[in-house]
Amino acid sequence: MGEGTTARAALCVLILAVVCAGSGAPRNQQSRDRRGGVLVADELGATQQLAVGRTRRSDLIGLWQSVLWADGYAARSGVTCTYDEATAEATRVWQSNHHLSADGIVGSATWGAAAERMVPVGQWMVYQGERYGLPLRQAPDGVYEVYDAGRFHRLRTNSVTLTRCR
């Protein structure tokens, strides 16, 4: 397996594992990560599904909303770190256009489809959206970092730290 394929496969595994292929009820909203509420590459499967009324505000939601923005399904002003009905509707359209069950819940199938667009660019991973690129970086300890307000910082699954969402 090539370096790019390996990196994409690793990200796919971590994103795919977020939830059970879009089926069933959303899991408990509480993150089970073992690193204090940060998004760890090999533990993304232990985080919650994203669903209206069942998901606490977090950087993880901001990441998903940024994916929707990068693909042209939402305005940049729609990155609020709150999984609201507007985000669910944009998610349903995104899911439908990616041949997924359009339930508006961001689960493993949805994260997996998004992961197919992740490519390594130097030391970064970039989500190559239909309109914009979205840079991420994996720290040496496996924690994902997101570029925000001129620097990279750890992506939180249990709180909002993104400047855009505060």
Side-chain angles (χ1 to χ4, degrees), residues 3-4 6-20 26-52 54-71 73-84 87-88 90-91 94 105-129 131-166:
E3 188 176 319
T6 302
R8 215 170 10 258
L11 186 63
C12 234
V13 166
L14 80 221
I15 288 179
L16 275 172
V18 171
V19 285
C20 301
R27 287 189 200 169
N28 183 320
Q29 72 176 6
Q30 198 169 31
S31 173
R32 292 183 217 151
D33 72 65
R34 293 180 285 284
R35 301 221 186 151
V38 292
L39 183 59
V40 179
D42 62 355
E43 295 177 0
L44 185 59
T47 64
Q48 72 276 5
Q49 291 179 333
L50 305 182
V52 174
R54 303 224 178 177
T55 309
R56 182 183 347 173
R57 291 185 77 227
S58 70
D59 292 347
L60 184 62
I61 296 170
L63 174 63
W64 175 249
Q65 290 170 326
S66 295
V67 166
L68 293 172
W69 165 77
D71 279 339
Y73 292 87
R76 189 70 175 147
S77 61
V79 179
T80 62
C81 296
T82 299
Y83 201 87
D84 54 15
T87 302
T91 298
W94 190 96
I105 298 170
V106 181
S108 61
T110 303
W111 283 117
E116 292 176 11
R117 289 228 172 113
M118 293 294 290
V119 295
V121 178
Q123 62 182 343
W124 298 5
M125 292 297 291
V126 175
Y127 177 80
Q128 290 188 326
R131 293 190 181 171
Y132 306 101
L134 188 61
L136 296 169
R137 184 171 72 181
Q138 190 174 349
D141 62 356
V143 173
Y144 272 112
E145 298 177 331
V146 63
Y147 192 76
D148 181 51
R151 66 178 183 88
F152 279 94
H153 69 91
R154 291 171 177 259
L155 190 67
R156 306 292 301 187
T157 61
N158 63 357
S159 63
V160 175
T161 62
L162 295 174
T163 302
R164 173 156 215 86
C165 297
R166 287 191 253 151

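Bear in mind the structure is a predicted one, so any value in this text is a computation, not a measurement.
No donor-acceptor distance shorter than 3.5 angstrom exists from the side chain of S66 to the backbone of L134, with no hydrogens or angles considered. Listed for the R166 side chain is no donor-acceptor partner under 3.5 Å among the backbone atoms of V160.
L162 CG to L63 CG: the interatomic distance, rounded to the nearest 0.5 Å, is 8.5 Å. Note that the CG atom of L155 and the OG1 atom of T161 stand 7.0 Å from one another [nearest 0.5 Å]. The distance from atom OH of Y83 to atom CG of L50, rounded to the nearest 0.5 Å, is 6.5 Å. Of the inter-residue distances, the one linking R151 atom CZ with E145 atom CD reads 9.5 Å to the nearest 0.5 angstrom. To the nearest 0.5 Å, atoms CZ (R137) and CH2 (W124) are separated by 8.0 Å.
T55 places a side-chain heavy atom less than 4.5 Å from the side chain of I61. By the 4.5 Å heavy-atom criterion applied to side chains, N158 and S58 are not counted as neighbours. The shortest side-chain heavy-atom distance between H153 and V146 falls under the 4.5 Å cut-off.
Remark: Y147 engages F152 in a ring-ring contact (aromatic ring centres under 6.0 Å, His included) (not counting sequence neighbours). By the side-chain contact (heavy atoms from CB on, under 4.5 Å) test, R131 pairs with no residue at all, sequence neighbours left out. When the side chain to side chain donor-acceptor pair (under 3.5 Å) test is applied to R57, the partners found at least two apart in sequence or on another chain are T82. Applying the side chain to side chain donor-acceptor pair (under 3.5 Å) criterion to T87, with sequence neighbours excluded, gives Q65, D84. Applying the side-chain contact (heavy atoms from CB on, under 4.5 Å) rule to A70 yields the partners Y127, Y132; only residues at least two apart in sequence or on another chain are considered. With sequence neighbours left out, the salt bridge (Lys or Arg N to Asp or Glu O under 4.0 Å) criterion links D71 to R117.
Heavy-atom minimum distance, V67 versus A114: CG1-CB, 4.4 Å. In terms of heavy atoms, C81 sits closest to G62 at SG-CA, 3.7 Å.
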Pair L136, V126 - check side-chain contact (heavy atoms from CB on, under 4.5 Å), show working. CA-CA 6 Å; L136 296 169; V126 175; over 6 Å; no
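With 3.5 Å as the limit, one finds no donor-acceptor pair spanning the side chains of W94 and T110.
Contact check on D59 versus R164 returns no salt bridge, with no Lys/Arg side-chain nitrogen under 4.0 Å from an Asp/Glu carboxylate oxygen.
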